[in-house]
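Data block below; observations after.
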Number of protein chains: 2
Amino acid sequence: MDALTQAQLEAFRKGLEPYAVFNEAEWIVFTQYISLQNFKKKQLFAEEGKVCQYVGFVLKGSVRYYHIKDGAEITNYFSFENDFASSYKSFLTGDTAVNYIEALEPTQMMLISKKNLDQMLANPMLAYKIERFGRLIAEHYLICCEDRLSSFVTQTPEERYLKLLETGRDILKRMPQHYVANYLGITPVSLSRIRKRILTV
Amino acid sequence: MDALTQAQLEAFRKGLEPYAVFNEAEWIVFTQYISLQNFKKKQLFAEEGKVCQYVGFVLKGSVRYYHIKDGAEITNYFSFENDFASSYKSFLTGDTAVNYIEALEPTQMMLISKKNLDQMLANPMLAYKIERFGRLIAEHYLICCEDRLSSFVTQTPEERYLKLLETGRDILKRMPQHYVANYLGITPVSLSRIRKRILTV
DNA sequence: GCAAAACGTTAACAAAAGATAAGGAAATGG
DNA sequence: CCATTTCCTTATCTTTTGTTAACGTTTTGC
């Protein structure tokens, strides 16, 4: 764990605003439960078979979620700056994770450990605000997840890719195409064909 | 809206226990924000283009979530007894819904309106408990949603069906096969073929 | 700066899924 | 109770995707 600079704390505070706004006293207490970690490229943040002890907030960089199936990696999701990142099920339930999360480039994350989160929820000064904070984050990701889920049920891979062209610039700009293909639920070869099909039309 | 019986209230209280346990005083106040509605078969609970004003808790019966695409219905999800049901994104954000929810049989739901939920969150006697209640529900459905989402990325339709055979007895027992096919992200014809393939092996 | 690895495209073939239609069984609703 | 609708299967044909491998380009890591 590294030392926190004022600039990092401010960026974090700003990034949390959609979910929680702290007054000065609360912020001082809150930040005592926070740590900063720098990840090298390819360094793991979560690992299959291990309990994910942290939820991270990406200050700089990006991470990739992936599963390993039949020895091959399948990329599931990404988090960029100002996103949270965690193997949520593992973090929330204490079960071992079924996926990996790795940094795709040098990445800075603010970390909240499960232990510290539970302590904040038991701390009368923060509990109420943290309950709400957690509710709003969970709701936010539930909505994202639902949207993406319904795209798998109601859309073809080509339609999902076209939608990504409209709304997923970050992913398309910053991720290699074979990760994007996995994210869309298809193989890299198939995405390459879809791209060709679209250009030809 | 219909009158609430003591038995229904008790069933509701019991069903909420994983998320919130109320003392007597809280329960009396909480239940003032609740209503009961009976749905006939095929009656709509949520509708595309309209804001979903309620989150429901299924006491009896079942509901089906579906989209309409090119004039055809595509079934997305189900809720059974002791499940919540809502077009969550619409309910939480106030945007119009993109899907329909209909009762598949005579169905009883406890309803919490968005307006009443907001009032509870503003009521000091309930606010803290309701924040937590909301957090735990959102977390629960986030985990469900994430699991299902990763099944679309990492598994074939056949593998998803085999998993449903293990863990989705409710859906398989109570839902017609063409709804199940949609739920798995494939056509009814394709599911029929998968079933044949499995039997033959 | 160079060798190795990673990446995207393309081709060829196999496997699976979508579309459409037909037939029969089962459920449903007067 | 009977006519209608709903549902599942099957067949045929088309489209799409998966698999594997090859090739050239780009990036990466000493």
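Every value quoted in this text rests on a predicted model; they were computed, and no experiment measured them. Chain A is the first sequence line, chain B the second, and so forth, proteins listed ahead of strands; every chain is numbered from 1.
Of the candidates D/dT28, D/dT19, C/dG18, the closest approach to any side-chain atom of B/I186 belongs to C/dG18.
B/S192 and B/Q177 are not linked by any side-chain donor-acceptor pair at a separation below 3.5 angstrom, with hydrogens and angles left out of the test.
With rounding to whole Å, A/R160 atom CZ is found 12 Å from D/dT16 atom C1'. Atom C1' of nucleotide D/dT28 and atom NZ of A/K40 are separated by 17 Å, given to the nearest angstrom. Taking atom CG of B/L104 as the reference point, atom C1' of D/dC7 lies 15 Å away to the nearest angstrom. Rounded to an integer number of Å, the gap from B/F152 CZ to D/dT17 C1' is 16 Å. Summarising the geometry, the separation between CG on B/L191 and P on C/dG18 is reported as 10 Å, rounded to the nearest angstrom. Whole-Å rounding puts the B/I198 CD1 to D/dT9 P distance at 12 Å. Here the C1' atom of nucleotide C/dG18 and the CG atom of B/N182 are 13 Å apart, to the nearest Å.
The CD atom of B/Q119 lies 6.0 Å from the NZ atom of B/K115; values are rounded to the nearest 0.5 Å. To the nearest 0.5 Å, atom CG of residue B/N182 and atom CZ of residue B/R64 are 8.0 Å apart. Rounding to the nearest 0.5 Å gives a distance of 13.0 Å between OG1 of B/T107 and NZ of B/K40.
Look at A/T187 and you won't find any side-chain N or O under 4.0 angstrom from OP1 or OP2 of D/dT17.
Contacts between residues 168-180 of chain A and DNA chain C, defined by a heavy-atom separation under 4.0 Å, are made by A/P176, A/Q177, A/H178. DNA chain D lies under 4.0 Å from no heavy atom of any residue of residues 65-75 of chain B.
Every residue two or more places apart in sequence or in another chain that forms a side-chain hydrogen bond (donor to acceptor under 3.5 Å, both in side chains) with A/S79 is listed here: A/Y65.
The list of ring-ring contact (aromatic ring centres under 6.0 Å, His included) pairs with a residue in residues 132-152 of chain A, not counting sequence neighbours, reads A/Y19-A/H140, A/Y88-A/Y141, A/F152-B/F152.
The aromatic rings of B/F45 and B/F39 sit perpendicular, their planes meeting at an angle over 60°, well past the 30° parallel limit. Relative ring orientation between B/F78 and B/Y183 is described as tilted, the plane-to-plane angle lying within the 30° to 60° band.
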Short heteroatom pairs, N/O only, protein and nucleotides 10-16 of chain C, under 3.5 Å:
unit_1: C/dA12; atom_1: N6; unit_2: A/R193; atom_2: NH1; d: 3.4

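Nearest heavy atom pair, residue A/S87 against residue A/N99, reads OG-OD1, 2.6 Å. Across every non-hydrogen atom of A/V180 and A/I171, the tightest pair is CG2-CG2, 3.9 Å.
Within the helix from C/dG1-D/dC30 to C/dG30-D/dC1, the inter-axis angle between the opening and closing five-pair segments is 70°, rounded to 10°.
Look at A/K89 and A/D95 and you find no salt bridge, because none of the NZ, NE, NH1 or NH2 atoms lies under 4.0 Å from a carboxylate O.
More than 12 heavy atoms of other residues, nucleotides or ligands sit less than 6.0 Å from atom CD of A/E17.
Aromatic rings of A/F91 and A/Y54 (six-membered ring for Trp) have centroids beyond the 6.0 Å cut-off, not under it.
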